[in-house]
J.: 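Structure provided below as structure tokens; questions to follow.
So you know, we letter chains A, B, ... as the sequences are listed, proteins then strands, and number each from 1.
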Amino acid sequence: MTPVFLLFLRRLLFARRTLFFGAIAFLPCLFAIVFRLHPPRHADALEGLRKFLAPMAVLFLGSLLPMFFGTTAFGDEIEGKTIPYLLTRPRPRLSLLLAKSAAVVLVTALLLVSGFLLAAAILRGADPFAEQEVIGIAFGVSGVLSLACLTYGCMFIFLGLTAPHPVLWGLLFCFGWEGFVGLFPGELKALTVQRYLEGLLTRACDLHGEVFEGFPIEVDPPGPVTCVAVLLTLAAVFTALSNRVLRRRDFAV
Amino acid sequence: MIALSDVTFDLGPGIAGLLGPNGAGKSTLFRLLTGLLRPSLGELQLLGERVEGNPLLFRRVGYCPEADSFWDEMRAVEFVWTLARIHGYGPREAKERAERALERVRLGDRARRRIGGLSHGQRQRLKFAQAILHDPDLLLLDEPFNGMDPVLRRETMELVLSLASEGKTILVASHVLYEVEALTDRILLLLRGHLRAEGSIADIRDLLDEIPRRLVVATPDPRGLAAAAAPRDGVVGVRREKGRVTLETDRPEEVLRWITDAAASGEIAVEEVFAADEDLESVFDLLVK
């Protein structure tokens, strides 16, 4: 699997879109700098990290980047007509899928975690009394971000293999389903990935029912074990579905 | 719409040409043979093994796709090396095989160039290199000569011929008839998703008895020859031109015998007789009509 993984990793790292989305991944740093230069009156650095930058990184960027990288993972090979080179080698299609998934998850997680850690480092200097907390939050959120990349990455790879115009559907999912469903009463939100990420974010940032800058956090989210189990299960289910599609799909290229 | 139906053929060592106009189903057949497409009915077998879900088959099969597509940011040697690694070779062997394959397609001096900077013909040869890097028993070449200049085309044809002389089985798809004609006498004619004919060009022509054939007779007396030929059984059309007469016949052997006898007896003057549509292009045209 290593050569395939390295091929995909290299292709992702040198893709033009990586530069663009890399810049987006570092958006929290921009806010951190603004925060440092113009600190708000009613919030300290720790608050900024907990209530704004962490939710933004996990709930907004954590779905956006895997969506763009995941939906185009096989789309690029299909549209670029290079997929026959991969599929006509003595290698199971599952190994291609796993290598591709690993590359997508690694690159998105690297970008998002780096962006967030740098933002945390920028904010850390603003409040020397909160240094330990900032470090704790930074590493906790990095873990949640990595899980977000895994789950969303696997989901969007599946979407890219099955749906026409997957980026459009991906955007609808990220900003329609994931954001909108939470506004409805009842248990509908249990059908979103965001709920389980929120559950972990709540622990990592000690948020409980707090609302900050458009990111409402659930008062009583599921426990961390449930959240991790659901997210890993989703990743496994979508990988299995993608494998099925990859084995059965026609590639008229 | 059925893209391909009931296509069965045997291939032995050597070259076979898969011929057909655009849209005949040649690329579809190749995609089916390489597992890129799945048959809607039935099972596909290649080298005695099923194609679907059997990636190990590609240890013995090399495929040169039609599309001019690469990972353009790579260098030529890197491209072939990467595919050799994906194929399962270790780094050192992959390097040796990549260099050998590039030498074989005469791209050795361009190995370090970026693929994006290669000419169309060089890119065609690069596709060829990745198809032969693992020394396959069966080589599937989909329009391999597209975009090549005549010199390069000839060189690549020589390469295909040399691979065939090593005992490899090669199936070359093309819609350019003279390319296949220059490579092999064994052809498979695919039309509208059906294998319409199989064999040598002459064999295929023999299958077309219901289609009148054209015999061109060079003669100093076209008027006399046309007048003698027109009433004969088996002659369905006569066209007189300067210095020659073209006879359309549904019984070419009988008419040819008459021409020979009549010329020997002095009934008609004949300088030369040849079949106008024995070349592949004409056979192809007739079948398409």
J.: Scan the chain A/chain B interface and emit each donor-acceptor pair under 3.5 angstrom with its distance.
T.:
from      : atom 1 : to        : atom 2 : distance (Å)
Arg10(A)  : NH1    : Glu78(B)  : OE2    : 2.1
Arg10(A)  : NH2    : Glu78(B)  : OE2    : 3.1
Arg11(A)  : NE     : Glu73(B)  : OE2    : 3.2
Glu77(A)  : OE1    : Trp71(B)  : NE1    : 3.1
Gly80(A)  : O      : Ser69(B)  : OG     : 3.1
Thr82(A)  : OG1    : Trp71(B)  : NE1    : 3.4
Tyr85(A)  : OH     : Ser69(B)  : O      : 2.8
Arg89(A)  : NH1    : His87(B)  : ND1    : 3.2
Arg89(A)  : NH2    : Gln130(B) : O      : 3.2
Arg89(A)  : NH2    : Gln130(B) : OE1    : 2.3
Arg91(A)  : NE     : Ile86(B)  : O      : 2.7
Arg91(A)  : NH2    : Ile86(B)  : O      : 3.0
Arg93(A)  : NH2    : Gly35(B)  : O      : 2.9
Arg248(A) : O      : Arg38(B)  : NH1    : 3.4
Asp250(A) : OD1    : Arg38(B)  : N      : 2.8
Phe251(A) : N      : Leu36(B)  : O      : 2.6
Val253(A) : O      : Arg31(B)  : NE     : 3.0

J.: Parallel, tilted or perpendicular, judged at 30° and 60°: which one describes the rings of Phe79(B) and Phe70(B)?
T.: perpendicular

J.: Looking at Ile24(A) and Leu64(A), what are the two nearest heavy atoms and their distance?
T.: CG2-CD2, 4.4 Å

J.: Can you find a pair of side-chain heavy atoms, one from Leu147(A) and one from Leu232(A), that are under 4.5 Å apart?
T.: yes

J.: Donor-acceptor pair, distance only, cut-off 3.5 Å: does the side chain of Ser146(A) make one with the backbone of Ser142(A)?
T.: yes

J.: For the pair Phe173(A) and Tyr152(A), name the ring-plane relationship: parallel under 30°, tilted 30 to 60°, perpendicular over 60°.
T.: perpendicular

J.: Given that the side chain runs from C-beta out, which part of Leu133(B) has a heavy atom under 4.5 Å from chain A: side chain, backbone, both or neither?
T.: side chain

J.: Under 6.0 Å between ring centres: does that hold for Phe175(A) and Phe60(A)?
T.: yes

